[in-house]
Amino acid sequence: MQFYRGNRLKCARLAGDRRGDRYPHSLQFYLQPPTENISLSEFESFAVDRLKLLKVVENLGVSYLKGSPEYKSKLEMELKKLKFPYRALAEEDYDARRKDHLSHFILRLAYCQSEELRRWFIQQEMDLFRYRFTELTEDLIKNFLTYVNLAYNAISKEEKDTCADKLVNSTPGFSGAKVVDMAYYKVPWSHAVDLVRTRRIYLHDGFAFVPHQDLVAIVLNNYRTNLSKALALTARSLPVVQSDERLQPLLNHLSHAYVGPDYSIQKNTGKISLEQIDALSVKSFPLCMRQLHKALRDNHHLRHGGRMQYGLFLKGIGLTLEQALQFWKSEFIRGKVDADKFDKGYAYSIRHNYGKEGKRTDYTPYSCMKIILSNPPSQGDYHGCPFRHSDPELLKQKLQSYKISPTGITQVLDLVKGMHYQLACQKYFELIHDVDDIGFSLNHPNQYFAESQKLLSGGREIKKERNQPENSQAKQSSQKSTPASSTPSCSNTKAEIKLEELEDYFTED
Amino acid sequence: MVSLPTCLIFSRARFPAGPGMGEFEPGSLPDLLPLYYRRLFPFGPYGRWLRYGGVPKSYFENREFSFTLRDDIYVRYQSFSNPQELEREIQKTNPYKIDIGAVYSHRPNQHNTVHMGAFQAQEKELVFDIDMTDYDDVRRCCSSADICPKCWTLMTIAIRIIDRALTEDFGIRHRLWVYSGRRGVHCWVCDDGVRKWSSTLRSAVVEYLTLVKGGEDTIKKVTLGDTIHPFISESLSIVEKYFEDYALVGQDILGSRESWDKVLALLPEHILFVYCSGKQVSCGSSKKVSYAEKEIMLQYCFPRLDINVSKGVNHLLKSPFSVHPKTGRVSVPIDLKKVDEFDPFAVPTISRLCHELDTINHDENEAEENEREPEGPRRSRDYKKTSLAPYVRVFEEFLEEMDNFRKGELLRISDSKRDF
């Protein structure tokens with residue numbers, strides 16, 4: 001058999017072309033599920049990365065006007081950071097597109113399970129899609145639409161002339177000149193439901209005449225319909241997927257996932273003294289822990305939920321077991337508990353938290369997600385998330401007593417009303433520390449503490465951008481190390497990645 | 001000597017002699033309904049309608065019907081294997097009212113055997129219900145369940161506006177407009193594609209068609225934006241055709257202080273000033289003046305839809321040819337070609353129809369009648385001999401149109417595939 005150089009080149013190109021064919025665009029409708037094999041670690045890391053991306057999308061969507069320059073630049077940064085396709089480049093970024101494709105489908109498995117999860121997933125995916133679509137040029141849009149079989153026909157000049165005045169009257173804010181200039185597409189009305197419903201386009205014979213600038217709405221509508229149907233279908237086939245033991249734990253955790261450091265490994269152990277705690281609770285504790293601390297001081301007692309949430313937090317900020325025992329005991333004794341009773345009962349559970357009893361699990365401090373979603377407080381409890389669980393009036397009074405400005409309080413309450421509890425806490429951080437931009441995305445009470453401490457000690461400026469190179473470097477090294485270390489189990493890999501990130505939080509500049 | 005069916009005897013006894021006399025009393029329904037369902041209800045065309053030509057057999061089997069029986073007993077989730085079974089059941093139970101519901105995923109009469117969540121409404125005609133009570137704030141002649149020839153024009157306007165929008169804007173073909181029997185009209189949209197529409201699409205249609213907004217507390221219910229959408233301008237030209245006669249003459253909305261105050265209340269203050277001062281208007285405010293006039297006309301005449309009737313795929317609506325238990329009038333189709341001439345008070349009542357039947361039988365050869373068995377084959381062609389006939393003809397034309405279109409479509413598809 002003879003191999004001609006020409007042939008080999010052709011073969012190489014064919015292979016390359018096939019790769020390109022699979023993802024000819026940076027954007028897609030996710031209509032075809034992936035069929036390749038991937039490793040478990042890639043499965044997990046792709047899913048986690050996309051989840052991070054969607055959470056950023058959610059946060060940005062509330063903090064900035066969607067489509068504004070800040071929104072776009074921050075989102076683009078995040079896409080770059082997480083290695084997703086971030087611009088409709090002529091050059092093909094096969095890896096990024098593949099990651100985009102796979103991670104979307106993996107998250108579908110986790111987020112199809114309930115109406116609330118589906119709604120959240122669809123909302124963020126739509127926002128992400130909208131951003132990426134609006135970044136396309138007109139040519140790329142045309143190509144993309146043809147590719148997804150939404151090749152709506154632009155109406156001819158003659159057709160436009162006959163209904164020009166109708167077009168002018170049906171599109172608010174459009175002058176005659178604008179109508180002449182803009183391309184109009186004839187779209188089946190069911191693809192443009194929102195525009196028809198509000199009577200914002202010209203409708204004739206079942207077709208909506210959509211100006212180019214409203215095309216996004218159409219495409220989005222289509223995207224949402226497809227995704228909604230797909231999620232319903234996925235939910236039905238989920239039992240099969242969940243029976244796979246390798247996937248079940250991951251999928252169960254993804255939908256309530258906290259994707260950051262878990263503060264289970266304390267680098268600052270012993271750096272906090274008990275005398276500092278009162279002051280720290282005012283300066284650097286998130287509101288939930290400040291509340292718990294005050295309740296403990298006032299009542300000399302906390303119920304189980306409060307002890308768990310606060311106790312683990314304290315462990316996370318560096319309290320040793322001995323310190324913890326001393327701390328809790330000294331407070332409880334002032335109440336109705338005598339020393340003996342404390343040693344017999346409460347001490348045991350504190351040691352349990354530190355992994356010194358029972359099955360010796362080292363319990364991790366609760367993330368915001370966990371605090372918000374599980375174990376809501378009842379009468380006599382002080383745990384939970386104040387932004388989620390407190391009566392807004394009481395919350396307002398509390399913030400007033402902390403001398404927070406009325407405008408600030410209103411901003412916090414608005415976020416609470418919109419159910420953006422973590423963003424409300426971020427706003428609280430900004431108000432307490434008197435900064436404009438918190439500089440990070442809040443997910444964990446210990447993260448709040450660490451950031452606050454950094455800020456107060458001048459260790460780090462509130463400029464996210466400065467940390468970018470460090471973060472991405474750390475990520476790269478962790479990603480490189482992952483395949484190298486013959487992965488024993490998923491959680492180990494996760495811990496490795498998280499360890500790297502943790503370094504960033506505790507490294508002094 | 002043959003004993004005539006008792007109902008015939010009773011109906012003869014009840015009516016005074018003379019043609020056309022059919023004073024309806026609700027109490028007579030139990031006697032009249034059996035006759036109506038056996039001799040008059042057009043089961044033939046009705047069954048053809050609901051079997052919809054090319055659909056699978058399960059389409060009819062999975063259709064929900066509901067019956068309101070004597071003493072307000074209401075039974076839902078009735079379903080039948082075929083139109084003949086439906087007919088037999090109706091003739092057996094003689095319901096006061098018949099409603100048509102959706103085509104479900106399973107037979108409605110077996111819905112209890114199906115796992116909850118699996119029993120879903122899948123298809124149904126898109127329906128509209130326009131009720132005169134919704135116009136009480138703008139009609140002076142009647143209120144609540146009453147109607148009169150003066151305010152009936154509102155229904156005519158509504159039919160014209162909605163029908164135009166359905167056909168020209170939405171490209172819909174097969175609409176059956178029906179008089180509800182008392183104070184309004186219904187529209188049944190039967191296009192194949194439309195029957196599959198989701199609740200979202202149906203709501204969107206209603207929203208597109210809605211201009212009059214606000215309840216008891218809202219005085220000004222129509223406000224136009226800067227530009228007037230083609231749908232609104234088309235509807236306005238329809239309203240303008242009727243407005244003078246209907247509102248200014250018939251309703252006499254400027255005829256009394258109380259009444260013209262209501263009109264003035266719809267004008268913004270600065271416009272009012274312009275009117276009162278008699279000053280020449282500048283360019284800017286002349287547009288606003290003309291808009292104010294349009295808004296008044298629309299508030300007095302534009303159709304008011306009940307979104308809840310239209311948006312639910314599983315919503316039940318009174319069936320065409322069902323009898324209205326309070327007025328006795330039959331829910332008859334309206335001939336769109338003659339919508340201006342439609343007179344709700346000329347619509348036959350069940351008592352009049354039974355009387356007409358009675359007269360026919362009386363006039364026919366007694367012997368012929370004797371030979372025929374009372375429980376024999378369906379004699380529902382009898383409607384042709386009564387004043388119900390022209391309305392059934394409208395219904396049959398509607399069905400013919402659907403049939404022809406369906407055949408045309410099949411031809412078109414087979415041509416494109418080149419199957420000869």
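First the proteins, then the strands, lettered A, B, ... as listed; each starts at 1.
Atom CG of A:Asn221 is separated from atom OG1 of B:Thr200 by 9.5 Å, given to the nearest 0.5 angstrom. Considering CD1 of B:Ile228 and OG of A:Ser170, their distance stands at 12.5 Å, rounded to 0.5 Å. In this structure, CZ in A:Arg199 is found 8.0 Å from CG in B:Leu209, a value given to the nearest 0.5 Å. With rounding to the nearest 0.5 angstrom, the CG atom of A:Leu203 is 7.0 Å from the NE2 atom of B:His229.
Of the atoms belonging to B:Ile172, not a single heavy atom falls under 4.5 Å from chain A. B:Phe231 touches chain A through its side chain: at least one heavy atom from C-beta onward sits under 4.5 Å away, while N, CA, C and O do not. With a 4.5 Å cut-off on non-hydrogen atoms, B:Leu201 touches chain A through its backbone and its side chain both. Only the backbone of A:Ile201 comes within less than 4.5 Å of a heavy atom of chain B; no side-chain atom from C-beta onward does.
Within a 6.0 Å sphere centred on CZ of A:Arg197, heavy atoms belonging to other residues, nucleotides or ligands number more than 12. Residue-environment remark: CD1 (B:Ile219) stays at or below the threshold of 12 foreign heavy atoms within 6.0 Å.
Considering all non-hydrogen atoms of both residues, A:Val193 and B:Ala204 come closest at CG1-CB, 3.6 Å.
In this structure the side chain of A:Tyr202 never reaches within 4.5 angstrom of the side chain of B:Asp169, judged on heavy atoms. Residues B:Phe170 and A:Asp205 form no side-chain contact, since every pair of their non-hydrogen atoms from C-beta on lies 4.5 Å or further apart.
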